[in-house]
Amino acid sequence: MILSVPERSTICNMGAELGATTSLFPSDENTREFLTKQGRAADFLELKPDADAVYDEVIEIDCAALKPLVACPHSPDLVKPVEELAGLKVDQVAIGSCTNSSFTDLLEVARILKGKTIHPEVSLVISFGSKQVLRMLSRCGALDDLIAAGARVLEATCGPCIGMGQSPQSNGVSLRTFNRNFYGRSGTMSAGIYLVSPATAAASAIAGVLCSAETIDYAKPEMPDAYLIDDTMLIQPSCDPAVEIKRGPNIKPYPAKAPLAETIEAQVMIKVGDNITTDHIMPAGAKILPYRSNIEKISEFCYSQIDPQFHDRCLQYGGGWIIAGENYGQGSSREHAALAPMYLKIQAVIAKSYARIHRQNLINAGIVPLVFEQPDDYERIAMLDTLALDCGKLAEGQPLTITDAKGFSFTVQHHCTARELEILRAGGLLNLIKSKNQKTEA
């Protein structure tokens, strides 16, 4: 079984959700064919591993033997076979977003729905991957099949994925072809969000209960002869420094961050457990996301689902430390989960382990990510404890000692490269870039 480029893209999209920094498929004739159909055959570049490449782990998956799967609330990796949950009543189905909204994905949905109508107790919404996808579906008649079946058409946007409209009913079950189903992300705290494939979503929308599409007779779509390419409305950004950036009252400049101090001596602002997601740190939703370009305002919602007093506590004590368990910062890689704590003067995080992308975002924001050398030391720390660190001893490969005002000390690791330490000392990546540009101009 050879995966198409859109199928590979979906897998790569999901890689970040499970902690992968990068997902890569070797290029092959399928890649060349895809680029040719986009009018970009000249862009083909063969990518493959070195002949002597060594891997930490090799996992073989027989794709032909896979059965339809579903990720259960509230994590993308809480996966079960669809057949185990078959018959679960469904209230809402949402198809699309950035993960499963290619032309072939939605054409398959249209073929399953063709000549049928969705269950009367199900709401079906579809958000397309792009204007081109929508136009291609319109040209081949598939868009009419979707509308006739009872689907409501949304714009090409994140939309329901981040709780911006189409929040499920209270205690409802929503099947979504999205990439995240963290607690509260949909906009309804009590809803159960299940992640499924477009085919499973379409079949379930018809049946009114969770089921696979294996029993439905339809032709799985092939790749189109050519993709519609229309870049006429895309405007390239200007490199002219005289161009004015227009900011309304809700668009604030990037918060200033000072270089790393010689010593961090501050109190613990919050202590959290394992598997804290970026949705826990910086929630999504219609109430919050209008402030994406206003870090000062959006910081008011930081950790609000876990500790509504976190924001005010940081202002009262001038920021400080975050203490966390395993896999801190899993899920979405959005920068706001680092920028809001940075604005609130969080100076460092001590965790048992990190999701890699969030760890890098902390470094880029000038927040020092530390790891307990002895995980049991986590238990010794309480809210508002005063911890001290001599940042002058930050050196590649060297452990550090944290002292607690209660009279004990413990060892942490930072695992930072020389480059990452340079970023931290500058107070973040933008500070470092700015300082180097200034030296170049001088």
Side-chain angles (χ1 to χ4, degrees), residues 15-16 19-24 47 49-50 52-57 254-266 278 281 319-330 333-375 377-378 387-403 409-442:
T21 302
T22 301
S23 300
L24 178 67
L47 297 174
D50 295 336
D52 59 350
V54 177
Y55 303 94
D56 289 336
E57 187 175 2
Y254 187 87
K257 177 74 166 65
L260 184 65
E262 282 297 312
T263 302
I264 295 176
E265 185 170 1
T278 51
I281 303 167
W321 300 81
I322 290 175
I323 305 300
E326 299 281 2
N327 198 27
Y328 181 70
Q330 71 160 341
S333 62
R334 72 184 113 154
E335 305 83 27
H336 292 73
L339 295 181
M342 179 265 279
Y343 175 80
L344 294 174
K345 294 183 169 51
I346 293 298
Q347 300 176 61
V349 179
I350 312 176
K352 294 181 182 179
S353 66
Y354 292 86
R356 285 174 288 177
I357 297 175
H358 182 65
R359 175 186 174 276
Q360 189 61 57
N361 282 345
L362 290 174
I363 292 171
N364 290 344
I367 298 174
V368 183
L370 303 170
V371 178
F372 288 102
E373 188 169 77
Q374 299 297 328
D377 287 331
Y378 167 90
L387 306 180
L389 168 67
D390 183 353
C391 298
K393 294 183 178 179
L394 268 172
E396 192 173 1
Q398 296 299 311
L400 297 164
T401 299
I402 304 288
T403 58
S409 62
F410 58 97
T411 304
V412 295
Q413 300 284 350
H414 58 79
H415 304 306
C416 290
T417 64
R419 165 69 172 173
E420 290 172 336
L421 291 175
E422 185 182 22
I423 293 171
L424 288 172
R425 291 191 183 100
L429 182 58
L430 290 184
N431 281 3
L432 180 63
I433 294 172
K434 183 178 180 180
S435 65
K436 289 191 173 184
N437 285 346
Q438 289 173 340
K439 290 178 182 178
T440 302
E441 292 171 359

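Heavy-atom neighbours of K345 NZ from other residues, nucleotides or ligands within 6.0 Å: at or below the threshold of 12.
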Checklist entry - Between L387 and Q347, does a side-chain contact (heavy atoms from CB on, under 4.5 Å) hold up when you go through it step by step? => result CA-CA 11 Å; L387 306 180; Q347 300 176 61; over 6 Å; no
Checklist entry - How far apart are the C-alpha atoms of L430 and K257, what are their side-chain angles, what is the distance that settles it, and do they pass the side-chain contact (heavy atoms from CB on, under 4.5 Å) test? => result CA-CA 9 Å; L430 290 184; K257 177 74 166 65; over 6 Å; no
Next on the checklist: Run the side-chain contact (heavy atoms from CB on, under 4.5 Å) test on L400 and K393 for me, step by step, so that the C-alpha distance in whole Å, both residues' side-chain angles and the decisive distance to 0.1 Å come before the verdict.
Outcome noted: CA-CA 7 Å; L400 297 164; K393 294 183 178 179; 4.0 Å; yes
Checklist entry - Is there a side-chain contact (heavy atoms from CB on, under 4.5 Å) between L394 and C416 once you walk through the steps? => result CA-CA 9 Å; L394 268 172; C416 290; over 6 Å; no
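Closest approach of Y328 to A351, counting heavy atoms only: CB-CB, 4.0 Å. Residue G15 comes nearest to S23 through the heavy atom pair CA-OG, 3.7 Å, listed as atom of the first residue, atom of the second, then distance. What you find for P255 and Y343 is that their closest heavy atoms are CB-CD1, 4.0 Å. Shortest non-hydrogen contact noted between A395 and L421 is C-CD1, 3.8 Å. Closest heavy-atom contact between Y55 and P49: OH-CB, 3.2 Å. Considering all non-hydrogen atoms of both residues, G319 and A266 come closest at O-CB, 4.3 Å.
The closest donor-acceptor contact from the side chain of N361 to the backbone of A337 lies at 3.5 Å or more, if one exists at all. Judged purely by atom type and a 3.5 angstrom limit, D377 has no side-chain atom pairing as donor or acceptor with the backbone of F372. Although no hydrogens or angles enter the test, the distance criterion places a donor-acceptor pair under 3.5 Å between the side chain of Y354 and the main chain of L370. With hydrogens and angles ignored, the 3.5 Å screen pairs a side-chain donor or acceptor of S353 with a backbone N or O of N327.
Side-chain contact between P369 and I367 is absent, with no heavy-atom pair separated by less than 4.5 Å. In this structure, P341 and I281 have side chains that are in contact, with non-hydrogen atoms separated by less than 4.5 Å.
Note that CD of E326 and NZ of K352 are 6.0 Å apart. Values are rounded to the nearest 0.5 Å. Between H336 atom NE2 and M342 atom CE the span is 11.0 Å, to the nearest 0.5 Å. One finds the CD1 atom of I363 at 10.5 Å from the NE2 atom of H358 (value rounded to the nearest 0.5 Å). Atom CG of residue N364 and atom CG of residue L424 lie 9.0 Å apart, to the nearest 0.5 angstrom. Note: I322 CD1 to L362 CG = 8.0 Å, rounded to the nearest 0.5 Å. Rounding to the nearest 0.5 Å gives a distance of 12.0 Å between CG of N431 and CD of E422.
Among R359, H415, R425, the one residue that satisfies the side chain to side chain donor-acceptor pair (under 3.5 Å) test with E420 is R359.
Not a single side-chain contact (heavy atoms from CB on, under 4.5 Å) links P259 to another residue, sequence neighbours left out.
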